[in-house]
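Right, one structure below, let's go through it.
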Amino acid sequence: MLIGEYEHSLDSKGRLIMPAKLRENIGERFLLTKGLDGCLFAFSTQEWENFEQKLKSLPLSNKNSREFTRFFLSGATECEIDKQGRFLIPNNLRKSANLIKDIIIIGVGTRIEIWNKEEWETYNTDNIKVEEIAENMTMLGI
């Protein structure tokens, strides 16, 4: 399971160190794409296949389905971790998540999220109202 919060910095070439604890679970090769809420999503190859199957099952005739699928697949790229534990984030993905220097990497179960540090801190303090969310989660059986 991918869990935890880690702080790292992008180097001048757009490479980021994958924390060792996350690297064990995501593997040496993984898929990176635009995520929701202003971050990037990283999936192990197995989790990406599961996610891709769900996207393929969406009805092509539904506009929201097409846009949702297009959003995730158009920016997706396969990444490989080098011997120093780094991987390259392509420029288009760095721009989409406003990744400049200081980065927060979080494990959220089946995926990793990569955030601009300032935006993560803002999101974490301004947007998360755990008590309200918890009340609404009862409808999902949690």
Side-chain angles (χ1 to χ4, degrees), residues 1-59 62-142:
M1 178 178 279
L2 300 163
I3 58 173
E5 181 176 321
Y6 308 87
E7 187 173 336
H8 287 281
S9 296
L10 279 177
D11 70 12
S12 61
K13 296 179 181 178
R15 295 175 300 195
L16 183 64
I17 292 174
M18 178 64 75
K21 288 184 179 182
L22 296 178
R23 195 178 324 144
E24 292 172 11
N25 289 307
I26 201 158
E28 297 299 315
R29 288 179 183 242
F30 60 93
L31 279 290
L32 185 66
T33 191
K34 294 178 279 187
L36 303 173
D37 303 315
C39 68
L40 299 180
F41 287 172
F43 296 92
S44 69
T45 54
Q46 180 61 50
E47 284 299 329
W48 178 257
E49 289 172 13
N50 295 340
F51 182 62
E52 194 175 31
Q53 286 303 316
K54 290 176 185 177
L55 292 176
K56 286 179 182 179
S57 72
L58 296 173
N62 182 288
K63 186 177 194 260
N64 286 332
S65 295
R66 291 191 310 272
E67 290 176 352
F68 192 73
T69 301
R70 191 177 297 127
F71 175 80
F72 286 110
L73 296 181
S74 67
T77 187
E78 188 174 35
C79 294
E80 186 171 354
I81 298 174
D82 68 16
K83 292 178 183 180
Q84 287 79 37
R86 305 170 301 187
F87 65 97
L88 177 66
I89 300 176
N91 192 44
N92 65 316
L93 292 178
R94 289 196 309 267
K95 284 182 181 178
S96 83
N98 194 29
L99 302 179
I100 300 165
K101 182 73 176 158
D102 295 326
I103 307 297
I104 298 294
I105 305 167
I106 61 172
V108 286
T110 59
R111 71 178 183 279
I112 291 170
E113 294 183 354
I114 301 170
W115 290 79
N116 168 299
K117 181 182 177 185
E118 288 179 18
E119 291 179 20
W120 169 248
E121 289 172 350
T122 299
Y123 176 83
N124 227 2
T125 56
D126 294 346
N127 294 326
I128 298 179
K129 296 174 179 50
V130 176
E131 289 79 15
E132 286 179 34
I133 294 169
E135 287 179 17
N136 292 323
M137 297 307 289
T138 58
M139 292 187 301
L140 297 175
I142 294 179

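What you see below is based on every heavy atom in this structure, not just the backbone, and it leaves out hydrogens, waters and symmetry mates.
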Interatomic distance, CG@N116 vs CD@E121, rounded to 0.5 Å, equals 9.0 Å
Contacts satisfying side-chain hydrogen bond (donor to acceptor under 3.5 Å, both in side chains) that involve residues 17-30 (not counting sequence neighbours) are R29-E80
State, with a plain yes or no, whether a side-chain heavy atom of I104 is found less than 4.5 Å away from one of N124. no
L88 meets the side-chain contact (heavy atoms from CB on, under 4.5 Å) criterion, sequence neighbours left out, with R15, R94
Scanning both residues in full, the closest heavy-atom pair of T69 with L55 reads OG1-O, 3.8 Å
Residues at least two apart in sequence or cross-chain that pass side chain to side chain donor-acceptor pair (under 3.5 Å) with N50, listed by chain then number, are Q46
Closest non-hydrogen atoms of T33 and F71, given as atom of the first, atom of the second and distance, are OG1-O, 4.4 Å
Shortest non-hydrogen pair, L2 vs I26, comes out as CD2-N, 4.1 Å
Tightest non-hydrogen contact, residues G107 and L22, listed as CA-CD2, 4.3 Å
Quiz item: Relative to the ring of F43, is the ring of F51 parallel (under 30°), tilted (30 to 60°) or perpendicular (over 60°)?
Solution: parallel
Residue set satisfying side-chain contact (heavy atoms from CB on, under 4.5 Å) with S65, at least two apart, ordered chain then number -> L58, P59, N62
*Give a yes or no on whether the backbone of E119 and the side-chain of T122 come within a donor-acceptor separation of less than 3.5 Å.*
no
Heavy-atom closest pair (I100 atom, I103 atom, distance to 0.1 Å) is N-CD1, 4.5 Å
Sequence neighbours excluded, the answer for side chain to side chain donor-acceptor pair (under 3.5 Å) partners of E47 is none
Worksheet item: Any donor and acceptor pair, going by atom type alone, linking the side chain of D102 with main-chain N or O of K117 inside 3.5 Å?
Response: no
Working note: V108 + F41, criterion side-chain contact (heavy atoms from CB on, under 4.5 Å); need CA distance, chi angles, decisive distance, verdict. CA-CA 10 Å; V108 286; F41 287 172; over 6 Å; no
Could you go through residues 72-79 and list every donor-acceptor pair under 3.5 Å that involves a side-chain atom there, pairing it with any protein atom two or more places apart or in another chain?
| from | atom 1 | to | atom 2 | distance (Å) |
| --- | --- | --- | --- | --- |
| S74 | OG | K34 | NZ | 3.3 |
| S74 | OG | R70 | O | 2.9 |

Tightest non-hydrogen contact, residues L40 and S96, listed as CD2-OG, 3.7 Å
